[in-house]
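Only this structure's heavy atoms are used, side chains among them; waters, hydrogens and symmetry mates stay out.
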Amino acid sequence: FSPFFPPNSSWDAAYERELQTFQDIGDTGEIWFGEESMVRIIRWLEKHKVPLDSSVLDIGTGNGVLLVELAKSGYMNLTGIDYSPSAIQLSEKVREKEGMSNIKLKVEDFLAPSAELSGFDICIDKGTFDAISLDPGDAVGKRKLYVGSLGRVLKPEGLFLITSCNWTKEELLNEFREGFDILEELPTPKFCFGGRIGNSVTALVFQRK
């Protein structure tokens, strides 16, 4: 169990605290993996000239800040989901503060997505797959459900951008081998430990077959 992720029962409590803080002082709270992780994703989309009207789903949107940054970069068709109602409330407040009325936000459990959650050109995950992977109740089964859900909500040839601090590139390739091809590994900060160089964060782009 990683201290980076609270147990499932406390996600909502964590977002409730962030919601209260936002209401008190206008602070949006934690940006998972820091600002550079958002910049990395947006730069990749821009470099590959991904059309601004592409439909984008942010899986486990949290405070919704990534969607706000995508909107500021010109992306128009943005949806964020989170299974924590407090997270969606927080992201709604952030959306209002930034005046981004075109961002759609929904309370959804990605492991059991509703029928209307489908046909996306791009899915983005920053830490949600990690959190599911650490769930003490049947993590293996939940990872399989996640991959199945991703295949349902993403269009054929759609793009999946994942940022993880728990999984190596090889492990993620194995997790998503059914139905997805690797397109690119994005550069992430490196660290040195005991004379070996490694990445504390892995960022990959997959394409649905």
Take Tyr146 and Asp125 through the side chain to side chain donor-acceptor pair (under 3.5 Å) test and state the conclusion after the steps.
CA-CA 11 Å; Tyr146 182 104; Asp125 181 321; 2.5 Å; yes
Check step by step if side-chain contact (heavy atoms from CB on, under 4.5 Å) holds for Lys126 and Ile41.
CA-CA 10 Å; Lys126 237 162 36 70; Ile41 289 164; 3.7 Å; yes
Applying side-chain contact (heavy atoms from CB on, under 4.5 Å), run through Val56 and Thr79 and close with a yes or a no.
CA-CA 6 Å; Val56 179; Thr79 301; over 6 Å; no
Evaluate side-chain contact (heavy atoms from CB on, under 4.5 Å) for Val205 paired with Leu186, printing each intermediate quantity in order.
CA-CA 8 Å; Val205 182; Leu186 307 188; 4.0 Å; yes
Derivation and outcome, salt bridge (Lys or Arg N to Asp or Glu O under 4.0 Å), residues Arg43 and Glu46
CA-CA 5 Å; Arg43 277 213 185 116; Glu46 288 173 343; over 6 Å; no
Report the C-alpha distance between Leu117 and Glu108 in whole Å, list the side-chain angles of each, state the deciding distance to 0.1 Å, and finish with yes or no for side-chain contact (heavy atoms from CB on, under 4.5 Å).
CA-CA 9 Å; Leu117 208 69; Glu108 283 260 9; 4.1 Å; yes
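Counting heavy atoms from C-beta outward, Glu171 and Asn174 have side chains that stay 4.5 Å or more apart. Using a 4.5 Å heavy-atom cutoff, the side chains of Ile122 and Phe120 are not in contact. Between Asn166 and Leu134, some side-chain heavy-atom pair lies under the 4.5 Å cut-off. Between Glu92 and Ile88, some side-chain heavy-atom pair lies under the 4.5 Å cut-off. Taking the side chain as every heavy atom from C-beta outward, Ile124 and Ile59 never approach each other to under 4.5 Å. Looking at heavy atoms from C-beta onward, Leu111 lies in side-chain contact with Lys142 at the 4.5 angstrom threshold. Using a 4.5 Å heavy-atom cutoff, the side chains of Phe206 and Asp181 are not in contact. No side-chain heavy atom of Val201 sits under 4.5 Å from any side-chain heavy atom of Ser37.
Using a 3.5 Å distance cut-off with no hydrogens or angles, the side chains of Ser164 and Asp130 do pair a donor with an acceptor. Judged by distance alone, the side chains of Ser55 and Asn77 never bring a donor and an acceptor atom under 3.5 Å apart.
A distance of 12.0 Å separates CD in Gln89 from CG in Asp82, rounded to the nearest 0.5 Å. Expressed to the nearest 0.5 Å, how far CG of Leu52 lies from CE of Met76 amounts to 5.5 Å. Rounding to the nearest 0.5 angstrom, the gap separating the CG atom in Leu66 from the CD1 atom in Ile42 is 6.0 Å. Atom CD of Glu98 sits about 4.0 Å away from atom NZ of Lys72, to the nearest 0.5 Å. Ile162 CD1 to Glu175 CD: the interatomic distance, rounded to the nearest 0.5 Å, is 9.0 Å. Between the CG atom of Leu150 and the SG atom of Cys123 there is a distance of 5.5 Å, given to the nearest 0.5 Å.
Heavy atoms only, all atoms of each residue included: Lys209 and Phe180 are closest at CE-O, 3.7 Å. Contact record, Ala71 with Leu78: N-CD1, 3.6 Å, taken as the closest heavy-atom pair. Nearest heavy atom pair, residue Pro187 against residue Arg40, reads O-NE, 3.1 Å. Of all the heavy atoms in Thr202 and Thr168, the pair that sits closest is OG1-CA, 3.9 Å. Residue Leu70 comes nearest to Leu45 through the heavy atom pair CD2-CD1, 3.7 Å, listed as atom of the first residue, atom of the second, then distance. Here the closest non-hydrogen pair linking Gly60 and Thr128 is CA-OG1, 3.3 Å.
For an aromatic pair to be called close, the ring centres must be under 6.0 Å apart, and Tyr83 with Phe110 fails this. If you look at Phe129 and Phe176, their ring centroids are closer than 6.0 Å.
Follow the hydrophobic side-chain contacts under 4.5 Å out from Leu90 and you reach Val68 in the same cluster. At a threshold of 4.5 Å between side-chain heavy atoms, the hydrophobic network of Ile, Leu, Val, Met, Phe, Trp and Tyr places Val107 and Leu145 in two separate groups. Under the 4.5 Å side-chain heavy-atom criterion for Ile, Leu, Val, Met, Phe, Trp and Tyr, Ile103 and Leu57 are members of distinct hydrophobic clusters. Follow the hydrophobic side-chain contacts under 4.5 Å out from Trp44 and you never reach Ile182; the two are in separate clusters. A continuous path of ILVMFWY side-chain contacts below 4.5 Å connects Phe160 to Leu173, so both sit in one hydrophobic cluster.
Heavy-atom contacts from other residues, nucleotides or ligands closer than 6.0 Å to NZ of Lys144 number 12 or fewer.
Counting only distance, with no hydrogens or angles, the side chain of Gln207 and the backbone of Glu157 share a donor-acceptor pair below 3.5 Å. Formation of a donor-acceptor pair under 3.5 Å by the Arg152 side chain with backbone atoms of Ser118 is not found in this model. Side-chain N or O atoms of Glu184 include none that pairs as donor or acceptor with a backbone N or O of Leu204 at under 3.5 Å. Remark: side-chain polar atoms of Ser54 are not paired, donor with acceptor, to backbone N or O of Val50 under 3.5 angstrom.
Exactly one residue among Asn102, Leu105, Leu67 makes a side-chain contact (heavy atoms from CB on, under 4.5 Å) with Arg95. That residue is Leu105.
Salt-bridge check for Glu96 with Lys93: failed, with every basic side-chain N at 4.0 Å or more from each acidic carboxylate O.
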